[in-house]
Visitor: 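Let me begin by handing over the structure; questions about it come next.
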Amino acid sequence: MFTDAFETFLRGHCTPADVRAIEAGASHQPLWEALSGSGFLELMAAEEAGGAWLDLAGVLPMLSALGYHSVPLPAGQAIALRSLLPSEWEVPDGLPTFAPAALVQTDGSLLAPRVPFGLLAEQVLAQWDGVLWLLDAQAAQRRSCGIAHDASADLQWDAAHLPRHARRVADCCGASTLVAWGAALHAALLAGALTRSFELTLQYGNERSQFGRSIGKFQAIQHQLAVMAEHVAAARMAVACAFPAHQRVPALLPAAMAKARCSEAAGLVASIAHAVHGAIGITEEYDLQLSTRRLHAWRLAHGAETHWHGVVGAALLEQADTTVADFVRELQEA
Amino acid sequence: MFTDAFETFLRGHCTPADVRAIEAGASHQPLWEALSGSGFLELMAAEEAGGAWLDLAGVLPMLSALGYHSVPLPAGQAIALRSLLPSEWEVPDGLPTFAPAALVQTDGSLLAPRVPFGLLAEQVLAQWDGVLWLLDAQAAQRRSCGIAHDASADLQWDAAHLPRHARRVADCCGASTLVAWGAALHAALLAGALTRSFELTLQYGNERSQFGRSIGKFQAIQHQLAVMAEHVAAARMAVACAFPAHQRVPALLPAAMAKARCSEAAGLVASIAHAVHGAIGITEEYDLQLSTRRLHAWRLAHGAETHWHGVVGAALLEQADTTVADFVRELQEA
Amino acid sequence: MSMATLLDHFEPAALPAHARAFRAEVRAFLAQRMPALPAERRARSWLGFDADFSRQLAARGWVGVTLPRQYGGAELDAFSRFVLVEELLCAGAPVSAHWIADRQSGPLIHKFGNEAQRSFYLPRICRSEAFFCIGMSEPNAGSDLASVGTRATRGESGGWRLNGRKIWTTNAQHCHYMIALVRSCGTPADRQQGLSQFIVDLSAPGVTVRPITDLAGDAHFSEVFFDDVHLEDAALIGQEGSGWAQVTAELAFERSGPERIYSSIVLLDRWLAWLRAQGDRRHAELVGRLATHLAALRGLSISVTARLAAGESPVVEAALVKELGTTFEQDIATSIEAALGTDPGAAIDGELLRTCAYVNQICPTYSLRGGTREILRGVIARGLGLR
Amino acid sequence: MSMATLLDHFEPAALPAHARAFRAEVRAFLAQRMPALPAERRARSWLGFDADFSRQLAARGWVGVTLPRQYGGAELDAFSRFVLVEELLCAGAPVSAHWIADRQSGPLIHKFGNEAQRSFYLPRICRSEAFFCIGMSEPNAGSDLASVGTRATRGESGGWRLNGRKIWTTNAQHCHYMIALVRSCGTPADRQQGLSQFIVDLSAPGVTVRPITDLAGDAHFSEVFFDDVHLEDAALIGQEGSGWAQVTAELAFERSGPERIYSSIVLLDRWLAWLRAQGDRRHAELVGRLATHLAALRGLSISVTARLAAGESPVVEAALVKELGTTFEQDIATSIEAALGTDPGAAIDGELLRTCAYVNQICPTYSLRGGTREILRGVIARGLGLR
């Protein structure tokens, strides 16, 4: 029920034209206010705080829809934030984001490298030394680290100002909670962008003619679309396994698998999508780039498959006498 | 000139039927004696020792022909041996082979793991502690480590008997000489087996009909054969770069690249060859298996691409300020 | 089916409680009855023939698992079947003897046979007394199953005379029966028209089985020659002339099982044990990739199983899982081969090396049995509306 | 050409001494004249437009390198050209302004033009005063170049009227001329028949250039509209109706160059510098794979160069190297992206990240320009006798 309503909301408020305008520098405030006003950002909040106390399975379709529609704002982080803040907290205003890592430098400053939406964010959730902190992004130096409308940035807080701008959220959450959420969220976003890239490519294959017939009739194109479908299906399934019902915070290993599987598919799907589309696909005016730019950015965000495969593999190797099938099954039946 | 004569020799003495018979347990002596008697094994030996003092470029076609014809004996090792033994030595009788590594165990015994032709060899050239040794294989315990006609084996010499069965060849050769020869030789063998696998597959694609036309008319088959041709061409070129004129012992990095490029192609070419052939390709009676079994075995022998890529990469990273193009060019123009 | 529909068909599903509980029973059985075999033998799984093991499994009630109890079947639902097959394959159990009868021939006879055929064959299948093989492929036909040349002609005094040959038949030399797709009227140019299926008693006069040795030295495949073999009228299964439709249904059973992801699993587990014994963590990324791929595949496979359990016929979905699954199975083989080549000087135990060599040599067949890559991608493309 | 012939055509070749010596000259020039650009700009190479740099290169005598000295050309042989191009691309020099004129348009005019055309255009090309672009693709045509709809009709008082449009033209907004493939008789259904090539002055009335912004925010491509553009008779290049044969020859020039392996090289070198600065050796295997692939490709490319130097026309060989080369260029992009994602917590410098992002976004074009993967594999398959 939320899903259909959210789809309708995004089709109305976040069209490809809206995405392009915000990416080109138009104010994001109208969209953000519409999102905030819609109540969708509160879905994971407690009912007494105006939320719906949704579990992971319930919220997944909304997160994937953000990826599908290339929403250029950290709405996913805002939704997930509600599952991480203590219930007695008032959710802070403004655009939030998650820091993939936070490193205390030798001069005492704090560096958060490659923060998604780092150029726009007003609040950054970050974890170091086993504590979850909420940082004021507006007190940080920001250095863009993307190209062409990618809002990711390195954020750095001076040692002197850090105490004033960091608010201790909790010790209570598990050591890997934020890490798992960052991975799971970007896996869900990738699932949406993968689906959209595939739809555009399939549609193009069916509609575009060349050498006197639709290109989808060529065996080579059919095979590429079949392979694409396989990888999108696998990626979506991996994501679904990381968003089970009755849980409100992703577990590390399923999130690791989801992010790994989606990141791996991202490179392949972007490559096939562009190969099938030909030159039209790399133009700004055609919508494919809205999705494939994000496939590349999100493949990297919070760690690519190279990182997460290593996490999964180390965990499996640690478990003496566990077969790979048992390892997988126990995660899926947990 | 030697090349054509050697081709003729192999077509006469080492037909697929001959290979099958020896693999099935028939005596290899007649073939070995024919090889020895032909003089081809002496090509790298000095002219005063009855050889032709061939350089690497000169001997490469013969080594690749051994791979092309699936010669089931260590003729390549025998040819290379002549470039490694001091000129005053008499070349020992019997089948020689090269140990990829030789490890002194805690009990003082010497272990040479996964020695190609280890089940058949009479002499093993091995290197440890910077010294090149010739070992009597008949004094070793042999443990087969292959399946279905693969003659590779772990060889182990007791500490007590080792001194009697090891003859010091030289300190003079560079630390990596045997290592480089092992890689280069198996790259050359792979180049031959890759070529043969490709020829069989192309021929099959042209001759075999299905759904009313030759399968080579299907776009998917054409693309697979095109990809195969690309990888075989690249592998052969990498091998040629490791066998330059005016040198008689391969250099480490070109040998590393050759073995890596051929090993990588081996997996891919074997896979495409079998996919195109369908079920007939995995039968004992069809010749493809003579080549693809060797692609797998030689991919591993003396280190797969996983090993050699690491060697090449470490060397490039060591060279501060060297671009990859300069690194490659300097090797090729050396 | 539109694209969106196809992807949306893969709904996440969990194994229900009864299927989870059933797993413990299967494990207890395997702990007792599974013969002690080295990994290189267990890696043969599908192709490993052990009539005694199949009979023990039958005695436990687990052969003919989809068949009704009245014929001795287990009437397991799709989820329990998934668990049984998953456990057998992960253990590397030698299931070849009863495998085809259990998965294809039994269901085919049940679906298309008459009562006499059911009563005769199904109980024998469920007791592992009747082993079946499939006669679809013919020499020079490859994936083009419709180009059937083997011919059944009506005899003057009733019955049929069978002439021709079939190839790539699994373990025909050990089987009692073949269900053969043959031409009962017309010519090969008629393609799908005029085909019928017959149950052929392989001990009948005129039947010759020639085992085909494969590149690994096994003889799991064979060629079967029919020289004027007499068939009773009762040998015809289903409708005369409906052979093509029946075979299509049979292939759909064949392609949807979980075994399409587990063919190399014995090798993977054997390699993991070796890495753990060595304390080698350098391959953690590869290990993690393979585990991650398996997790997604298993999720997809259970999702297809849930559709089967719901009485649907998820042909395109099954083709997609099989294509991805055989890619995974072959990826395991080639990746572990590469990993073992990382250290040319390492002393690696022979069992692991032989298992790796065997799986690498035989794994091209994974993308042949039940449809080549080209065939399956064509099925998916059709499901996507491209053809 | 049989298969054996094709593979045997890749004979190892070494650059001759004069070409090796020439490299030092090119390096000295670049050390002085190459503008200081960050890696993310140098990564644009082929697409980087810098008229001033092109004029300095022309002043040094290195534009129009294949053209005879009488027209101001350098008459470099194929080996020296290889060295020049290799050095320019490895440096990430902004060569787009003169690139097409140097490699395609100049040789085309020299081969098919009349003396008046040669005398007019070639010296201007060699002085970097005339920049050219190519008018082959049309909207909705994709790889199907023969489906040309742009039309030149004979004027009543001589000359031609040009109507239609071309697309994916590199930097047309900065170019002086386009060599356009247009239909001079018949209809698009006539395919290769009735096509001709014209040199179109892009400043002529009726020509409109619309730059096309790409996904990286650049406007390197453009669409060019012709609205009743008047062309003199002298604008026809070569024979009327021979346009297809001429374009085929032109594409063969285009596909055989060494630039088909170096498009991502700036990214690779930038990443190596980063790894060295970090003392990070974990990616040695990937580094080694990329270096190994480059070595084989460079060997193949020099081998094709030797055939060109010998006056041959190695069309199939060049297609093979290009297909493998663009695969390598795209592999660099995606592999380095993955490697940079190994440590989500690492602080990586922005220049490397931006270079990586740019190359990953633009690299799909590497397998479009000069023929898609499908087209090139088709050329190879034909060379193998399959079609």
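On a predicted model such as this, the values are computed, not experimentally measured, just so you know.
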Visitor: So, R236(B) and E11(D), do they make that salt bridge, N to O below 4.0 Å?
Guide: no

Visitor: Name the region of L324(D), side chain, backbone, both or neither, that has any atom closer than 4.5 Å to a heavy atom of chain B.
Guide: both

Visitor: Which region of E333(B), side chain (C-beta onward) or backbone (N, CA, C, O), has a non-hydrogen atom less than 4.5 Å from a non-hydrogen atom of chain D, or is it both or neither?
Guide: both

Visitor: So for L268(D), is it side chain, backbone, both, or neither that comes closer than 4.5 Å to the heavy atoms of chain B?
Guide: side chain

Visitor: For S263(B) and W298(B), does a side-chain donor sit closer than 3.5 Å to a side-chain acceptor?
Guide: no

Visitor: Identify which part of L386(D) has an atom lying under 4.5 Å from any heavy atom of chain B, answering side chain, backbone, both or neither.
Guide: both

Visitor: Taking atom types as modelled, find out whether T327(D) and R373(D) have a side-chain donor-acceptor pair closer than 3.5 angstrom.
Guide: yes

Visitor: Side-chain polar contacts of residues 242-257 of chain B - donor-acceptor pairs under 3.5 angstrom, sequence neighbours left out - could you list them?
Guide:
residue: R248(B); atom: NH1; partner: M44(B); partner atom: O; Å: 2.7
residue: R248(B); atom: NH1; partner: L54(B); partner atom: O; Å: 3.3
residue: R248(B); atom: NH2; partner: M44(B); partner atom: O; Å: 3.1

Visitor: Below 4.5 Å from any heavy atom of chain B, which atoms of L15(D) appear? Answer side chain, backbone, both or neither.
Guide: side chain

Visitor: Closer than 4.0 angstrom, basic N to acidic O: yes or no for R23(D) and E86(D)?
Guide: yes

Visitor: Inspect the contact between E305(B) and R289(D) and indicate whether a charged nitrogen and a carboxylate oxygen are less than 4.0 angstrom apart.
Guide: no

Visitor: Chain B heavy atoms under 4.5 Å from A273(D): which part of the residue, side chain, backbone, both or neither?
Guide: neither

Visitor: Pick one of side chain, backbone, both or neither for A295(D), based on which atoms fall under 4.5 Å of a heavy atom in chain B.
Guide: both

Visitor: Top residue by heavy-atom pair count (under 4.5 Å) with chain D, among A235(B), A226(B), A325(B)?
Guide: A226(B)

